Amino acid sequence: MLVHIIEKELRDIVGSAKFAVNFSIGTALILLSFYTGAQNHRIAQEQHEAALAANVRQYEGVTDWMRVQSFRIFLPPQPVAALVNGVSNDIGRTVEVRGRGELRSQDSRYGDDPIFAMFRFLDLDFIVTVILTLFAVLFGYDAVNGEKERGTLRLTFANAVPRTVFITGKCAGTFLGLAVPLIIPFLLGALLLPVFGVPMSGPDWTALALVTGAGLLTMGAYLLLSVWVSARTERSSTSFLVLLSVWIMTVIVLPRLSAAGADLFVSVPSMDEVNSQKSRFMSQLWNEDRTKMNGFTPANKGDVQEVMKEFNRYMQTLADDREKRFNEFAGRLNEERANRQMEHRRLTQYLSCLSPAALFTLAASELAGTSLRLEEEYLAQAREYQKEYARFMKEKTGTNTGGFAMVFRMVTDDNAEKPKPINIAEVPAFRFVPPAAEAGLPPFTIFSGTIALYALLSFAGAYRAFRTYDVR
Amino acid sequence: MLATIIVHELKNILFSPKFSVTVAVASVLLLLSVVAGIGQYRAAAAQYETTTQLVQQEMREARGWMALTNKVLRRPDPMQIFVSGVANDVGRLSGVNAFQAVKLSHSTFSDDPVYAVFRFIDLSFIVAVVFSLLAVLFTYDAVNGEKERGTLQLTFANAVPRAQYILGKFAGAWLGLVLPLLVPMLLSLLLLAVTAVPMTAEEWGRTVLLFGGAVLYVTVFVALGILLSTLTPRSSASFLYALVLWVCAVFIVPRAGTTLAGHLVPVPTVAETEARRDAFAKDRWAQYEAQMQSRWKERNAPLEGMTKEEREAYRDEKMWEWMEQDDQDRKQVQTDIDEQARRLTEELRNRRMEQERLAFTLSRLSPASSFQLAAMNLAGTDIALKTRYEDALNGYRTLFNEYKEKKAKESGNSGGFRIEVNSDTGVKIDAGRERGVLDLTGMPQFTHPSPSAAETMRSAFIDLGLLGLFSLAAFAGAFVRFLRYDVR
Amino acid sequence: MSVHTMLEAVNLSKRYEDGALAVDDVSFSVRPGEIFAMLGGNGAGKTTTINIFLNFLEPTAGEARINGIAAHRAPLEAKRHVAFVSENVMLYPTFTAVQNLDYFARLGGKTQYTADDYRRVLLRVGLQEEAHHKKLKGFSKGMRQKCGIAIAILKDAPAILLDEPTSGLDPKSGFEFMQLLGSLRDEGKAVLMSTHDIFRAKETADTIGIMRQGRLVMQRSRAGLAGEDLERLYMEHMAGVHE
Ligand SMILES: Nc1ncnc2c1ncn2[C@@H]1O[C@H](COP(=O)(O)OP(=O)(O)OP(=O)(O)O)[C@@H](O)[C@H]1O
Ligand SMILES: [Mg+2]
C-alpha cells in the first residue's frame, strides 16, 4: 500500500507541468552555480597567483635583506569555498607580515570589488536556502488540502487506506520525487568541477557530498512543514499564503535580523575603540623609548658600520621589550573583544536556529571551511608564519625590528664589487592549510541535526493533523 | 463604469482576509526595518563621534609633526537607514599621512564577519523582495482566475468595454498594493522626523524620490502579474510562471549579471596593484640612493687635501644648500611614487568601470536590479562610494601633508630620527626631543564627499526610467492581449 | 437460508456541528444482489448518509454497517468491502485514465490487473478507447464519471456506494450505466445509490427510499411499488402529504 502511494506521488510530481518548470529551472541554476563557482575559483586562483608574483617582483634588484621590511601573504582560494561562499568574500585576504606586531587581514573580495557585494554570488548556499526551499513549499503546500480540493482524497479514503500510511507515503513520495531528480544536476555539476580545472581533493568531495545531503535535508524540512500546514488548512490558497509568509520570514527576514537581534543583548566593543586604545598605548611606549634612544652612546664612535650594528641591536632590544609590553596590553583587549564577539556569535547562531534555512547556511559553511572560523584560522596560521619569517629575517639580517631598522650604506668606490641581489625565494613560503573538515564536522552535525529535528517535528505535526483531517 | 470596476477590484483585494494579513505583515516588516535602521544609524553615528575624538586625541599626542597621521572615518549617512547598499562592504576608515597611500579598510563586515553571514535587512531589500512577490501573487490570476470562476463571462454579458475593464483591474490592483506600501513609508518619514535623525533638505528629497522608485517598482510587478494572467488560460499555470519570473528577476538576473561581467572582464586585485606600486617605489628609492651616493662623492671631492678646519668651514657653508637639495629630491621621489600609484589606481579603476558597465547592463534586464541600483544611487551607498571617498581622501591627503610640513618646519622638529655620521665627529643620534601635545589648530578638515545632485539624478533616472518603461511595456502587453481575450 | 445484509443503517443520525440535523434516525438494509435507490430533494441527507458509511463522518447516533462491520468502529476493515463512486468523480489530472485506474485498484488491494483488464473495464463503462491513455486533464465530467465507475468495478467489492453516479452522463451512457448496475447486482453486489432520476430508479432499483429533511419517509420494494405512480408518490412525500 505504502509503495503504491509513494509510486503514485512520484508519478504525480514528475508528470506535472509544475515539476517540468521547476526541475528545469533548478537544474539550470544548480549547473550555473557550479559553473560560476568553478569560474570564480579559476579567476580567484589567477588573481592569487598574480598577487603572489607581483609581490615577489617588487623585491627584484634588492641587494640587502634589511630592505625587505615586510612581506605580504595571501589567503589562497579554496575550491569548496567557491561553491559555498560563506564569509570568504567578506574577510581580508592579504596580511602584511613584518616579523613582529599584530597582524591584520585586509582586502576582502567584496571590499575590493563592491560590485559583487551588491547582489552577491549564485552559490550552492543560495540555491538551497532560496530556490530549493521555495520548491519544497511549491510542491508541499497543497499536498493534503489540494487532493481534497481535487476530490481525490474522498476516493482514496473510500478504500481501506490507513491514514498513517497515506501521510507517510505522501511525505516520502513528494520528497523522493523532488530530491532524486535534483541529484542529477548536483552530480553533473560536481563532474563539471574537474573539467573546469577545480582541484578537488578527497575531503573536498566528502564535504561537497555532505553539503548536498544537508541541502536536500533542508528542502525536506520545508517540504514536511508544508505538508503539515496543508494538513491543517482547508484550502490550498490559504496554506500557500501561510507557507509563503513562513518562507519569507525564515529565509529572508529572520536570518538577517539575527545579528542585529544579538546586538540588543551583547555589545561588542568596536574595532576602532580597541585600535585606538592600542595605538595610544603604542605611542606611549614609543615616547618612553625615544628618551632611551636619545641616550644611546655607541661604544666605538669611530667605526660607522659598527655603530650602526650596535644601534640596530640596541633598537632590537627596545623593540623586543616594547613588543612584550604591547602584546600583553593588546592581548588583554583582544581577548576581551574576542570573548564578546564569541558571545555575540553564539547568540546570533541561536537566534538564526529559528530558521532551517539559516541552519543550512551555518552547516554548509562549517564544512566548506568558510564559516567564521576561516578568519581565525587564517590569522592564527599567519601568526605562526610570522614567527617563522622573523626567524628567517633574523638569520639574514641579525635583527628583527619589525620593519623599522636603519640601513646604512657606505659610499664606496665605483669599481668596487656590486652587491649581489637577494633571492626573495628564500623567504619561507606561506602555505595555508584550510581548516580541517573534521573540525567542521561537529558543528555541521549539530546544525544539520537541528534541521533534521525540524523535519521530524513537522512530520509529527503533519501526522497528528492528518489523523483528524476531514477527508470529505 | 471604470470607477465601478476599480472600486470592485480594490474591495476584492482589500477585503480578502488573506491579502490584508499578508500585506499588513509586509507593512510592519517595512516599518520594522526602518526602526532597526535608525537604531543602527544611531549606533554607527555614536561610534563615529567617539572614534573621531579618539583620533584627535591620538594626533595631539603624536610623536611629532612629521610622524603625524590622521585617520579619516567615513561618516555614517542617514540614507543608509533605507538602503545600506555596499556601505558595510566598503572600508570605513583610512589613514592619511605622507608615507602611505590612502586606502579604505576595516569594513563593517570584515571587522565583524558575523554580520556578513546573513547581512542586514533594509527598506529597499523588503520592497525589492517582499513587495514584488506580493504584487505578482495578487495579480497572477487577475484575468484567468475570473474566467475560471465564470465571473468573466457574466461581466461581459453586460455592455462593458474591454479597455475599461482591464484598466480598472490594473488600477484597482495597483491601488491595493501601493497603499500598504505608502502607509509605512509615510510613517517612517514621520519616525525620522520624530527621532530627529539629522537629514538635510536634499536628503529628504532623495528619500521621497526613493519612495517614488519603490512605487514604480511595485507597478512593474503588478503589470507583469496581469500580463501573465492574460497570457495563460489557467491560473495554476500563471501562478507558476509568476513565481518563476519573480525568482529570476529578484534573485537570479542580478547575481548572474554581475558574476558574468566578472568573468568577462577580469579586474586585478588590489593586492596585485599594491605590489606593483611597491615595486615601483622600491626601484625609485634605490635609484635615489644611488644618486645620493654619487652626489655625496662629488660633494666630498673638494674636501680632498683640506685641513680639518677648512673641511668644517666648507661643510658648514654648504650644508644648508645640500640638505635643501636632498630634501627636494626626496620629495620628488615621493611625488613620483604617488603619481605612479595614481596611474595604477586609474588603470584599475578604468578596468573596473568597464566591468561595472557590463554588469549593470546585464543585470538591468531585471527590474529588481534597476530598482536596487536606483535606490543605492539615491542613498549614496552605490559602488561609487568607494572611489568617491578615495578621491576625497587623496585630495585631503595633499592638504594635510602640506599643513604637516609647514608645521614641522615651524617647530623645527621633525619628530623623526636624526642620525648624523661624520668621519670627524663620529655618530650622533637624535630621536627627537620630548614635547607636550601638538597644537592642531588650523589643521585642514576632511570634507565628506557626497554624490552631486546632478550625478545622482542622472544615474537614478536611468533606472527609474527603465522601471517606467518596464511597467508601460508590461501593461501595454496585457492591454493588447485582453482586447482579444477569449472570455468564455 | 436468510440472506445476510451487506449494507445496513441502524437508527442512523447525524447532527452537524452547526446543529443541523442532516440524518434523523434512518434505518434500512441492502442485501447482496439488491439495488437500493435513495431519492430526495437537495439537502435531504443522502450524501451525508453515504459519507457515514465511508466513515467520512462519524454518526451522532446509530450505526452504518458494511458486511456487519460498523463503519466508524473499524473503518479500514469496513472499507475493504465497499467501492464508491461520487457525484463528481475527481481524479489525478496529470495521470492517464489507465494510470488512475491502476493506482486506485492497487489502493483497493487489487494488484493483479493487467493492461488488458483496464482496457476491458473502461470499454465496459463506455469510455472510448482513444481516451484510455489520455491525461484526465482534458476529460469531460461524464468521462470522469465513467472512470470512477470503472474504478468501483475494479475493486470488485461486495458493496457499492454511489452518490448520484449518473450526473453528467449523456442519456445513452446513463442508460448503459443502469444496465451495468443491473449486471453488477446480478453478480451479487449490494448497491446503495442516491439519485434524482426517478424513472431510472424505478426501472432498476429493487428497493426505493425517499428522504426528506433527514428522515427516511418512505421505503418500498419493487413489488410494493407495482402499479403506483412513483413520481406522484415522490411529490407527495416532498410536500409532506403522508405525515
Ligand atoms: N459540513 C456540513 N456542515 C453543516 N451542515 C451540513 C454539512 N454538509 C451538509 N450539511 C447539511 O446537511 C443536510 C444534508 O446535506 P446532504 O449533502 O446530505 O444532502 P443531499 O441529500 O446529498 O443533497 P443533494 O441532493 O443536493 O446532493 C443539508 O441541510 C446541508 O445543509
Ligand atoms: Mg448530495
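Numbered from 1 within each chain, the chains take letters A, B, ... in sequence-line order. Just so we're clear, the structure is a prediction, and the values are computed from it rather than from any experiment. Just so it is clear, the values below take in all heavy atoms, side chains as well, and ignore hydrogens, waters and symmetry mates.
For chain B, the nearby part of A/Ser245 is the side chain; its heavy atoms alone come within less than 4.5 Å. Using a 4.5 Å cut-off between heavy atoms, B/Ala286 does not touch chain A at all. If you measure heavy-atom distances from B/Leu243 to chain A, the contacts under 4.5 Å come from the side chain alone. Proximity to chain A is limited to the side chain of B/Gln372, based on heavy atoms less than 4.5 angstrom apart. With a 4.5 Å cut-off on non-hydrogen atoms, B/Leu348 does not touch chain A at all. With a threshold of 4.5 angstrom between heavy atoms, A/Arg109 does not approach chain B through any atom at all.
Side-chain atoms of B/Tyr115 and A/Asp263 include a donor-acceptor pair closer than 3.5 Å.
We find the CG-CD distance between B/Leu54 and A/Gln277 to be 8.0 Å, quoted to the nearest 0.5 Å. Between the CD atom of B/Glu272 and the CG atom of A/Leu52 there is a distance of 10.5 Å, given to the nearest 0.5 Å. We find the CD1-CG distance between A/Ile248 and B/Leu133 to be 5.0 Å, quoted to the nearest 0.5 Å.
A cation-pi arrangement, defined by a distance under 6.0 Å to the six-membered ring centre and an angle within 45 degrees of its axis, is absent between B/Arg255 and A/Phe121.
Aromatic pair A/Tyr110/B/Phe109: centroids not less than 6.0 angstrom apart. For an aromatic pair to be called close, the ring centres must be under 6.0 Å apart, and B/Phe239 with A/Phe240 satisfies this.
Here the side chain of B/Lys386 pairs a donor or acceptor atom with the backbone of A/Gly111 at under 3.5 angstrom.
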* Go through A/Asp107 and B/Lys103 one step at a time and tell me if the salt bridge (Lys or Arg N to Asp or Glu O under 4.0 Å) criterion holds. => CA-CA 10 Å; A/Asp107 298 339; B/Lys103 176 177 186 179; 2.5 Å; yes
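The closest side-chain heavy-atom distance from B/Pro113 to A/Leu372 is below 4.5 Å.
A salt bridge is defined here as a Lys NZ or Arg NE, NH1 or NH2 lying under 4.0 Å from an Asp or Glu carboxylate O, and A/Arg337 with B/Asp112 meets this definition.
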